[in-house]
Protein chains: 2
Amino acid sequence: MRVETPEIFDDLQRKLMTAELRPGEKLKPSELQGFYGCSANTVRDVLLRLSKVGLVEFEMQRGFRVRAATSERRHDVTRFRILLEQEGARLSMLNGGVGWESRLTAAHHKLSHIEKQIAGADDLSPYLGLWSDAELEFHETLISSCGSPILRENYGDIYAQFRQQMVGLERDFGSSYFHSIIDEHQAVLDAALARDVEACRTAIYDHLKRNL
Amino acid sequence: MRVETPEIFDDLQRKLMTAELRPGEKLKPSELQGFYGCSANTVRDVLLRLSKVGLVEFEMQRGFRVRAATSERRHDVTRFRILLEQEGARLSMLNGGVGWESRLTAAHHKLSHIEKQIAGADDLSPYLGLWSDAELEFHETLISSCGSPILRENYGDIYAQFRQQMVGLERDFGSSYFHSIIDEHQAVLDAALARDVEACRTAIYDHLKRNL
DNA sequence: AATCGGAAAAATTTTGAAATTTCCTTGTGA
DNA sequence: TCACAAGGAAATTTCAAAATTTTTCCGATT
């Protein structure tokens with residue numbers, strides 16, 4: 001199997017975020033090299049870039065390792081995500097126009113559609129990828145009018161780390177979970193459209209507090 | 001001149017933060033290679049790590065570039081720094097013990113000593129390096145008891161970017177500048193020791209608002 | 001049995017050059 | 001004159017092997 005470098009990046013990122021590569025696991029360029037059919041240095045390059053996102057730990061002379069999943073770290077990641085999302089949403093409510101409102105509504109519509117399907121399904125696995133993308137898009141849209149590229153970039157990274165911690169710790173993804181987050185996403189949407197900063201802060205907190 | 005890799009990293013970081021390498025400037029591994037007496041790939045490695053800190057921009061197939069210094073970006077960096085420092089200080093005031101108080105007092109003492117020297121000096125350059133280290137240590141100590149490794153790490157990165165923007169935009173570092181920040185640092189210290197969250201938020205904002 | 005030291009093995013980093021891509025210059029045609 | 005294409009130069013990425021460092025394993029010593 002021969003793939004281009006950007007695809008190696010995407011593939012590794014996906015495996016990191018779905019715990020196909022398990023937290024704490026050593027990442028040896030010389031082993032992955034064989035799988036991707038490229039040289040060890042190319043893998044090393046990709047891994048160095050993934051460590052910027054925070055999905056991979058890098059220590060000089062000691063190589064790479066999938067970031068560990070611990071309850072402490074999940075707690076920390078969650079707190080940081082709440083901080084960024086609350087601030088991003090606040091600024092978006094301040095700066096966002098109708099374009100933002102419509103994009104947010106659209107993203108929520110797509111997300112809730114999937115979530116309702118999942119809530120009534122037996123096997124979740126076929127939906128998980130779709131849901132994952134839709135959830136990310138909803139939350140990114142929420143903060144998309146904050147006017148701060150730095151905030152958005154950091155949010156993207158911390159969201160990836162959050163997802164990694166979630167699946168890494170094998171948290172309960174039963175359909176009851178999806179049943180409750182439907183309401184939570186709705187609450188975030190309502191508060192955002194109403195430009196109610198405090199209600200939105202609360203809704204974001206309530207949505208994520210189970211991970212604290 | 002032959003130096004070890006960690007020293008290449010430190011040297012480049014320093015040059016990036018003092019605008020010895022000017023914002024927007026292209027960073028060609030093949031040129032820096034000669035200066036450091038190592039191979040181009042080693043430089044590339046270091047540059048990839050510096051792009052994690054945010055001091056360097058990296059674009060695939062287009063190489064590296066010193067992050068641009070614009071008033072928009074300085075504004076963005078400043079806002080983000082304020083967000084992180086306010087939250088870090090809030091949590092430190094919540095969690096910090098006497099150890100934190102004493103470390104903060106010590107860091108402030110050292111800092112204000114240098115600042116008083118600078119305020120009364122003609123030539124600032126001999127102090128600038130010392131002041132820079134002391135200022136960083138004061139602010140890092142302020143948030144050091146926040147209990148969030150992620151917050152601390154991100155603060156370190158954003159502080160470096162902040163410094164880069166400051167010197168890159170050749171802002172006025174006259175002695176009048178140092179005269180006013182003496183009071184600002186004092187206000188931050190007083191509020192922190194008094195565990196007055198709102199006063200500390202305000203003091204941090206007032207300290208940095210000139211860069212917005 | 002536990003610890004320490006050292007040799008062997010394994011992994012990481014560095015290197016220099018080849019392969020690829022981008023960038024810049026120049027020339028052609030409208 | 002301008003747009004665009006082709007060619008060459010320069011820069012970036014990739015590679016495989018050498019050099020270095022870390023880790024592992026094993027036996028000697030306490």
Side-chain angles (χ1 to χ4, degrees), chain A residues 1-16 19-70 153 164, chain B residues 1-16 19-70 153 164:
Chain A
M1 184 210 259
R2 179 67 167 82
V3 290
E4 302 301 311
T5 304
E7 292 166 13
I8 298 176
F9 184 95
D10 292 343
D11 189 64
L12 278 175
Q13 176 162 44
R14 186 185 55 72
K15 285 178 176 163
L16 253 6
E20 194 171 325
L21 289 168
R22 299 211 55 74
E25 187 177 331
K26 200 110 205 329
L27 293 166
K28 284 176 251 191
S30 46
E31 283 179 7
L32 297 165
Q33 164 192 18
F35 180 72
Y36 291 115
C38 65
S39 86
N41 277 21
T42 302
V43 177
R44 181 187 158 80
D45 237 62
V46 171
L47 254 19
L48 226 33
R49 294 217 296 275
L50 282 166
S51 77
K52 165 176 146 41
V53 180
L55 259 19
V56 163
E57 286 172 9
F58 169 72
E59 214 175 344
M60 278 195 41
Q61 314 282 21
R62 289 204 186 163
F64 302 92
R65 196 173 277 281
V66 181
R67 189 134 252 170
T70 66
E153 196 182 321
Q164 182 183 43
Chain B
M1 185 212 259
R2 179 68 167 82
V3 290
E4 302 301 312
T5 303
E7 291 166 14
I8 298 177
F9 185 95
D10 292 344
D11 189 64
L12 278 175
Q13 176 161 45
R14 186 185 54 73
K15 284 178 176 163
L16 252 7
E20 193 172 326
L21 288 168
R22 299 211 55 72
E25 186 176 333
K26 200 108 200 344
L27 293 166
K28 285 177 255 194
S30 47
E31 283 179 7
L32 297 164
Q33 164 191 18
F35 180 73
Y36 291 115
C38 64
S39 85
N41 277 13
T42 302
V43 177
R44 180 187 158 80
D45 237 63
V46 171
L47 254 19
L48 227 33
R49 293 216 296 273
L50 282 166
S51 76
K52 165 174 146 39
V53 180
L55 260 18
V56 164
E57 286 172 8
F58 169 72
E59 213 175 343
M60 277 198 42
Q61 313 282 22
R62 288 199 189 165
F64 302 92
R65 196 171 277 282
V66 181
R67 189 133 248 172
T70 66
E153 196 182 321
Q164 182 183 42

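In what follows, chains carry the letters A, B, and so on, assigned in the order in which the sequence lines appear, proteins first and then strands, with residues in each chain numbered from 1.
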Measure from [atom1] on [X] to [atom2] on [N] and round the result to the nearest Å.
| X | N | atom1 | atom2 | result |
| --- | --- | --- | --- | --- |
| A:E59 | C:dT13 | CD | P | 10 Å |
| B:E7 | C:dT13 | CD | P | 17 Å |
| A:L47 | D:dT14 | CG | P | 14 Å |
| B:Q33 | C:dG16 | CD | C1' | 9 Å |
| B:E31 | D:dA9 | CD | P | 18 Å |
| B:L32 | D:dA10 | CG | P | 18 Å |
| A:M60 | D:dT20 | CE | P | 15 Å |
| B:L48 | C:dT13 | CG | P | 13 Å |

**Prompt:** Quick check: does any side chain N or O of B:Q164 sit under 3.5 Å from a backbone N or O of B:L55, one acting as donor and the other as acceptor?
**Reply:**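 Confirmed, B:Q164 side chain pairs with B:L55 backbone.
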
**Request:** Test B:R67 against every option in B:E57, B:E59, B:E25 by the salt bridge (charged side-chain N to carboxylate O under 4.0 Å, His left out) rule and name the one that passes.
**Result:**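 Among the candidates, only B:E57 passes.
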
**Request:** Using the closest heavy atom to pick a nucleotide of DNA chain D for each, name whichever of B:A40 or A:A40 lands nearer the 5' end.
**Result:**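 Looking at DNA chain D, the more 5' nearest nucleotide goes with B:A40.
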
Of the nucleotides [options], which one has an atom closest to the side chain of [X]?
| X | options | answer |
| --- | --- | --- |
| A:R62 | D:dT23, C:dC23, C:dT13 | D:dT23 |
| B:Q61 | D:dT13, D:dA16, D:dT12 | D:dT13 |
| A:K26 | D:dC15, C:dT22, C:dA11 | C:dA11 |
| A:R44 | D:dT12, C:dT14, D:dC15 | C:dT14 |
| A:C38 | D:dC15, D:dT21, D:dT13 | D:dC15 |

**Request:** Determine whether any donor atom in the side chain of A:N41 lies under 3.5 Å from an acceptor atom in the base of C:dT14, or the reverse, and answer yes or no.
**Result:**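 Such a pair is found, so the answer is yes.
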
**Asked** What distance separates B:Q61 CD from A:T5 OG1, expressed to the nearest 0.5 Å?
**Response**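 The distance works out to 7.5 Å.
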
**Request:** Over all heavy atoms of both residues, which pair between B:F9 and B:R49 is shortest? Give the atoms and the distance, please.
**Result:**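 That would be CE1-CB, 3.8 Å.
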
**Prompt:** Salt bridge check: are A:K15 and A:D11 linked by an N-O gap of less than 4.0 Å?
**Reply:**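 A salt bridge links A:K15 with A:D11.
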
**Request:** Return no unless some side-chain N or O of A:T5 is found under 4.0 Å from OP1 or OP2 of D:dT13.
**Result:**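 No, no such contact exists.
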
